[in-house]
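Report on the structure given below.
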Amino acid sequence: GLWVAMVFSLLSLLRLRSISPLQALRRDADPDVLRQSWRDVPRMLVALALVGSIVTIAIARSDGVQQGLGLSAAIVAVVAALWISAAVLSRGARRLIRGQWPYAVRQGIANLHRPANQTRPVVLALGFGVFLVTTLYLVQVNLLQKFTATAEASPGNLLFFDVQEDQAPGIDSILAATGFRTIQRTPIVTMRIAEINGRTTREMIDDRSRRVGPWALRREYRSTYRDTMLAGETLIEGKPLMAPSMKGADTLNQVSMEVDVAGNLDLTLGDTITWNVQGVLVPTIVTSFREVNWARFEPNFFAVFTSPALAAAPKQFAFIANVPDELALARIQRAVVDRYPNVSSIDLSVIKKTIDDIVNKVAVAIRFMALFSLAMAVPVLFSAVAATRRERMREGVLLKILGATRGQIQRIMLAEYLLLGLLGSLTGALLGIGGAWGLVHFVFDSAFTPVALPAIAIAAMMIALTVSIGLITGREVFAQTPMAALREA
C-alpha cells in the first residue's frame with residue numbers, strides 16, 4: 001500500500017521541478033511551465049515504475065505469470081476504454097450543443113470540453129468503480145443461480161451405494177414400507193480401457209507423439225448402461241444411445257463418452273474402444289459425445305453404454321430416493337444398515353445445506369468487496385472533482401458577477417455532472433457485463449446470464465453519487481465573494 005501510494009504520487013511530485021517562484025506567487029504566470037514532455041527522463045522512469053508496479057502486483061496476487069499478465073492487460077483495456085469514451089464525450093460536446101437549448105444546459109455541456117475540464121478524471125474514476133461493482137455483483141448472481149438451480153434440479157436427497165444385485169429388491173421393499181419409493185436406480189460396472197482403435201493402452205502411453213492424457217488411459221472407470229440421457233446431460237455430437245448402431249458396425253456395442261475425457265483420449269466419432277470388464281473384453285464403438293453437469297446430486301459417468309453391452313456384467317447399484325421427512329430418513333438409513341451392513345448411505349440434504357452455507361458466505365464476501373469498491377470510489381471522485389476546484393470557483397463567481405442566479409449555477413453543474421455520470425456509469429456497466437461474462441465463462445466454466453436490473457441499479461446509484469459530489473464541492477462557489485475571487489485572480 002505504501003509503495004502504491006508513493007509511485008502514483010511521483011508523477012505529480014515531479015511537476016515541482018518546473019514551478020518557478022513567480023509561478024508560486026502568481027498562479028497565472030508562465031502557465032506553459034507545467035506542461036510535461038514525454039522526453040523527460042525522470043518522468044519516463046516513473047511511468048515505467050508505475051506500469052511495472054501494476055504488473056508485479058497482478059502477478060504476485062495471481063496463480064501464475066500468465067494469469068497476472070492477463071489481469072494487467074485487462075486493467076489496461078478497461079482504463080483505455082474509459083479514456084476513449086471520455087475523449088469522445090469531450091470532443092462530441094462541442095457538436096452536441098444546440099442554440100435553442102436552455103443556457104444552463106449549454107453551459108454545462110460546454111464545461112465538458114473547455115480548458116481545465118474534469119471529463120477524463122471523473123469518467124475514469126466513476127467508470128472503473130462501476131466496472132468493479134458490476135462485475136462482482138453479476139458474477140455473484142450467476143454463481144448463486146447456478147448452485148440454486150443445480151440443487152433444485154437434483155432428483156432426491158437420500159443416496160445408497162455399494163448395493164449388490166441381490167440386495168436391490170430388499171432396499172426397494174424397505175423404502176416402500178415407509179411410504180417412499182426409489183426414484184433412480186443406477187447400475188455401476190467397473191472396467192478399464194484395454195485398446196483404442198487396435199492399440200493397447202501401454203502402446204499409447206509410451207507413444208510420446210500421441211497427445212493422449214495418461215490419466216484417462218490408466219484410470220479405473222465406473223460406468224453404467226442405459227438407453228436414455230439424463231436431465232444433467234447434453235448431447236454435443238453424434239447420435240443418442242437409443243439410436244440404431246452405426247452402419248457397418250452392428251456387431252459392436254455403442255458407448256457415449258463425456259466430452260472432456262473424449263478430448264483427453266483424442267477420440268472421434270466412429271472410434272472403437274475395447275474395455276476390460278473384470279477380465280472380459282467388450283468392444284464398443286463411440287457414437288456420441290456428452291456434456292455432463294457434474295454438480296448435480298446424482299451418479300454421473302464418463303462412459304455410458306447401451307443396455308446389451310453390460311447387462312450381464314457383475315455390477316452394483318446406486319439408489320436415490322426423495323425422503324423429505326428427516327425422522328423417516330433416519331429410520332430408513334437405520335433399517336438398511338441393519339439389514340445390509342455393506343451398503344453405505346449419504347443424506348444429500350446435509351451436503352446441500354453445507355454448500356448453501358458456503359455459498360452464502362461467499363455471497364457476503366462478494367457483497368463486502370462490492371461495497372468496499374463503492375466506498376473507495378467516493379474519495380477518488382472527490383479528489384477528481386477537487387482537482388479543478390479553483391477554476392470552478394473562479395468561473396462560478398464570475399457568473400455571479402455577470403448576474404447568474406444561484407439556481408442557474410446549480411443547473412449548470414447538474415447538467416455537467418449528470419452527463420459525466422451517465423457516460424461513466426454506462427461505460428463501466430458495459431465493461432462490467434463483459435468482465436462478468438469472461439469470469440463466468442472462462443474461470444467458472446459456466447453459462448453466463450446477463451442480469452440487467454442490478455447493472456442499471458448500480459449505474460443509477462453511481463450517477464446519483466457523482467451528481468451529489470459535484471454539487472457538494474460546488475457549494476464553495478456560493479460562499480465565495482466576488483472580491484475574494486478577483487483578488488485571487
Side-chain angles (χ1 to χ4, degrees), residues 140-190 220-234 258 290-304 307 310-311 313-365 444 446:
Q140 172 199 322
V141 169
N142 274 269
L143 293 182
L144 289 181
Q145 284 181 345
K146 177 182 178 181
F147 281 113
T148 303
T150 299
E152 291 178 350
S154 299
N157 65 332
L158 178 58
L159 168 67
F160 293 104
F161 57 96
D162 289 337
V163 179
Q164 303 304 309
E165 195 166 0
D166 60 337
Q167 297 171 336
I171 292 181
D172 280 333
S173 64
I174 292 174
L175 287 169
T178 53
F180 301 98
R181 62 183 181 83
T182 303
I183 59 176
Q184 186 174 330
R185 181 196 294 184
T186 305
I188 300 174
V189 181
T190 304
E220 186 175 69
Y221 288 81
R222 286 172 175 81
S223 306
T224 191
Y225 58 87
R226 47 182 152 83
D227 298 323
T228 59
M229 293 182 61
L230 299 180
E233 298 175 329
T234 304
E258 192 270 337
R290 296 167 296 112
E291 186 176 53
V292 178
N293 181 3
W294 298 101
R296 286 174 63 95
F297 292 92
E298 61 185 3
N300 295 301
F301 301 92
F302 285 121
V304 177
S307 298
L310 301 177
K315 63 184 76 68
Q316 55 181 297
F317 289 87
F319 280 64
I320 293 181
N322 188 26
V323 185
D325 186 349
E326 293 184 7
L327 184 60
L329 189 147
R331 289 175 178 172
I332 292 172
Q333 286 182 300
R334 174 64 64 85
V336 170
V337 170
D338 288 343
R339 187 169 177 180
Y340 305 114
N342 65 294
V343 175
S344 302
S345 67
I346 296 177
D347 183 358
L348 297 178
S349 59
V350 176
I351 298 177
K352 292 178 183 179
K353 185 177 183 301
T354 303
I355 292 177
D356 288 339
D357 292 340
I358 295 173
V359 169
N360 290 334
K361 291 178 181 178
V362 173
V364 171
F444 296 104
S446 180

Check: [Y] and [X] side chains under 4.5 Å, non-hydrogen atoms:
X	Y	result
Glu258	Phe301	no
Asn157	Asn322	yes
Pro299	Ile320	yes
Phe160	Ile332	yes
Val163	Gln316	no

Has the side chain of [X] got a donor or acceptor atom that lies under 3.5 Å from a matching backbone atom of [Y]?
X	Y	answer
Asn300	Glu298	yes
Arg290	Val292	no
Thr224	Pro187	yes

#### Entry: side-chain contact (heavy atoms from CB on, under 4.5 Å) against Ala177, all qualifying residues, sequence neighbours excluded
none
### Message
Going by the rule side-chain contact (heavy atoms from CB on, under 4.5 Å), which residues pair with Ile358 if we only count those two or more places apart in sequence or in a different chain?
### Response
Thr354, Val362
From [atom1] ([X]) to [atom2] ([Y]), nearest 0.5 Å:
X	Y	atom1	atom2	value
Leu310	Arg226	CG	CZ	12.0 Å
Ile174	Thr178	CD1	OG1	8.5 Å
Leu143	Phe444	CG	CZ	5.0 Å
Leu348	Leu159	CG	CG	5.5 Å
Leu230	Gln184	CG	CD	5.5 Å
Phe317	Thr186	CZ	OG1	9.5 Å

Might you point out which heavy atoms bring [X] and [Y] nearest each other, and give the distance in Å?
X	Y	value
Met229	Thr234	CE-C, 3.7 Å
Phe319	Ala168	CZ-CB, 3.5 Å
Lys315	Ala311	NZ-O, 2.9 Å
Asp347	Gln333	N-NE2, 4.0 Å
Gly170	Ser173	O-OG, 2.5 Å

### Task
Would you please name every residue forming a side chain to side chain donor-acceptor pair (under 3.5 Å) with Asp162, sequence neighbours left out?
none
### Query
Are Lys353 and Glu326 within salt-bridge range, i.e. N to O under 4.0 Å?
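No, no charged N to carboxylate O under 4.0 Å.
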